[in-house]
Amino acid sequence: MSSQLKSIAIIGASGNIGQIILRGLLSASAFNITALTRTSSTATFPAAVTVRKSDFSSADLQNAFKGQDAVISVVGATGFAEQKKFVDAAVAAGVSRFLPSEFSADSLNETVLNLLPLFWQKKEVLDYLKEKESKSFSWTGVASSGLFDWGIANGFFQFDIASRTATIWDDGNKKFTLTNEKQLGDAVVSVLKHPEITANKYLYISSVETSQNKILAALEKATSSKWNLQHTTTEKEVTEGSKKLQAGDFEGALQLVRAIPYGITPGLDSNYAKDRVLANDLLGLREESVQETIQEVVDEIKNN
């Protein structure tokens, strides 16, 4: 395996997480990047990115992957199961490294999988990758938990900067880790630059170790205001989320995703700094500041 993987194909580069990873690769100025899109896609990309349209048949995927050192899958929920086909095509095309669509919660944790049954498909892909390991083909999974700055800025974490309103789960003191957007991009870049030490590993990364109450305190300081609070419980959110999801309401899935860092359900192990071995040192990532991150988000919203 070469000292660095240079030619990189990304599936799902126009999605929320895909755009973050693509920005990281472009910022590194060290890769030849191809965005693989469906024939019907109207997504546009920077001039430095080669766009390869595909019908996503096995034969066309194999052709698209020829000459690529690594394939990064950043597909959404509807594409989790399809990744096995991507893996087969990558192996057949001689690709060295495959990064599956992780970049989120811990797909190796059965408590997480039972909370979000759709994530079992991600676990199946990881198991499949392990079966395909060889001297010429390896994989890397990256578990980032939730995206901190992204989720604060858009209200996903239930902190509404515009209205100064927050929803706090339980007592708000449970500690968990989250990752900032740039740090996720940096982590992927580091994996590709150091293929030997990241081969066939599931890596946990983190920007901050925090809690809802610490985030609230940082937001109140950054906005110079006292926020209005609403309260809920893990039991209420998980019950509602599960019912909505079973009824086909995707909002239920979002509630369950929030339940991974916020929920007090035993076994979630969502504080990677305590419950897992962080790969931050391996990847050259540094711990970041909750207050500085929050201030940057608030300032950006204020200036836009």
Side-chain angles (χ1 to χ4, degrees), residues 10-12 15-18 21 56 58 61 71-91 97-133 137-147 151 156 169 176-179 184 187-188 191 200-206 234-235 237-272 275-277 279:
I10 310 179
I11 307 170
N16 288 328
I17 306 300
I21 291 173
F56 277 60
S58 295
L61 284 170
V71 171
I72 304 173
S73 172
V74 207
V75 295
T78 57
F80 289 163
E82 196 175 18
Q83 292 183 99
K84 291 181 182 179
K85 182 168 67 173
F86 304 164
V87 173
D88 288 339
V91 171
R97 178 67 53 88
F98 190 95
L99 278 70
S101 189
E102 291 296 314
F103 316 117
S104 178
D106 183 359
S107 298
L108 299 180
N109 183 324
E110 286 200 12
T111 303
V112 171
L113 300 181
N114 290 331
L115 183 65
L116 279 166
L118 189 61
F119 276 33
W120 278 105
Q121 295 179 353
K122 300 176 78 167
K123 172 64 163 53
E124 290 174 7
V125 171
L126 291 171
D127 291 340
Y128 193 66
L129 284 164
K130 291 174 184 177
E131 294 175 10
K132 295 293 181 178
E133 289 176 18
F137 179 79
S138 57
W139 59 274
T140 306
V142 178
S144 57
S145 186
L147 290 177
F156 175 79
W169 292 40
F176 46 82
T177 52
L178 300 171
T179 300
L184 175 58
V188 173
V191 167
N200 304 322
K201 291 182 179 179
Y202 195 79
L203 304 175
Y204 297 89
I205 63 171
S206 163
T234 299
E235 182 180 7
E237 294 294 325
V238 170
T239 300
E240 284 185 2
S242 298
K243 286 181 179 177
K244 286 180 182 177
L245 194 56
Q246 289 169 8
D249 183 353
F250 192 70
E251 176 59 34
L254 301 182
Q255 285 178 269
L256 296 177
V257 169
R258 280 191 289 268
I260 297 172
Y262 285 179
I264 57 173
T265 304
L268 286 172
D269 294 345
S270 47
N271 184 354
Y272 296 167
D275 303 322
R276 297 290 182 267
V277 177

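Hydrogens, waters and symmetry mates are skipped; everything else that's a heavy atom, side chains included, is used.
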Just so I know, are the side chains of Leu115 and Thr265 near enough to count as touching, which here means a heavy-atom distance under 4.5 Å? no

If you define the side chain from C-beta out and look only at heavy atoms, does anything of Asp275 sit under 4.5 Å from Ser270? no

Strictly by modelled atom types, are Glu237 and Tyr262 linked by a side-chain donor-acceptor pair under 3.5 Å? no

Working to the nearest 0.5 Å, report the span between OG1 of Thr111 and CG of Leu116. 12.0 Å

Considering all heavy atoms, the nearest Lys122-Ser104 contact: NZ-CB, 4.0 Å

What's the spacing between Leu184 CG and Thr179 OG1 if we round to 0.5 Å? 7.0 Å

For residues Asp106 and Tyr272, is any side-chain donor paired with an opposing acceptor at under 3.5 Å? no

Correct closest heavy-atom pair for Val125 and Pro100 would be CG1-CB, 4.2 Å

Could you measure the distance from the CG atom of Leu99 to the CH2 atom of Trp139? Nearest 0.5 Å is fine. 10.0 Å

From Leu129 atom CG to Thr140 atom OG1, the distance as rounded to the nearest 0.5 Å: 9.5 Å

For atom CD of Glu110, is the number of surrounding heavy atoms from other residues, nucleotides or ligands below 6.0 Å larger than 12? no

side-chain contact (heavy atoms from CB on, under 4.5 Å) between Arg276 and Leu108: does it pass, once the steps are laid out? CA-CA 11 Å; Arg276 297 290 182 267; Leu108 299 180; over 6 Å; no

For the CG atom of Asp269 and the CD1 atom of Ile260, what is their distance to the nearest 0.5 Å? 11.5 Å

For residues Leu147 and Phe103, determine if any side-chain heavy atom of one lies less than 4.5 Å from a side-chain heavy atom of the other. no

Could you go step by step and tell me if Phe137 and Val87 meet the side-chain contact (heavy atoms from CB on, under 4.5 Å) rule? CA-CA 10 Å; Phe137 179 79; Val87 173; 4.1 Å; yes

For Leu268 and Ala259, the nearest pair of non-hydrogen atoms, with its separation, is CD1-O, 3.4 Å

When every non-hydrogen atom of Phe56 is compared with those of Lys85, the smallest separation belongs to O-NZ, 2.7 Å

Note, Val74 side chain near Ile11 side chain (heavy atom, < 4.5 Å): no

So which heavy atom on Thr177 is nearest to which on Ser145, and how close? O-OG, 3.0 Å

Walk me through it: do Gln121 and Gln83 pass the test side-chain contact (heavy atoms from CB on, under 4.5 Å)? CA-CA 9 Å; Gln121 295 179 353; Gln83 292 183 99; over 6 Å; no

In terms of side-chain geometry, is the basic nitrogen of Lys132 or Asp88 positioned less than 4.0 Å from the acidic oxygen of its partner? yes

When rounded to the nearest 0.5 angstrom, what is the spacing between CG in Leu256 and CG in Asn114? 12.0 Å

Check this for me: Lys201, atom NZ, are more than 12 non-hydrogen atoms of other residues, nucleotides or ligands nearer than 6.0 Å? yes

Closest non-hydrogen atom pair between Ser107 and Leu126, with its separation: CB-CD1, 3.9 Å

Step-by-step side-chain contact (heavy atoms from CB on, under 4.5 Å) determination, Phe119 to Phe80: CA-CA 8 Å; Phe119 276 33; Phe80 289 163; 4.0 Å; yes

Give a yes or no on whether a salt bridge exists between Glu251 and Arg258, defined as a side-chain N under 4.0 angstrom from a carboxylate O. yes

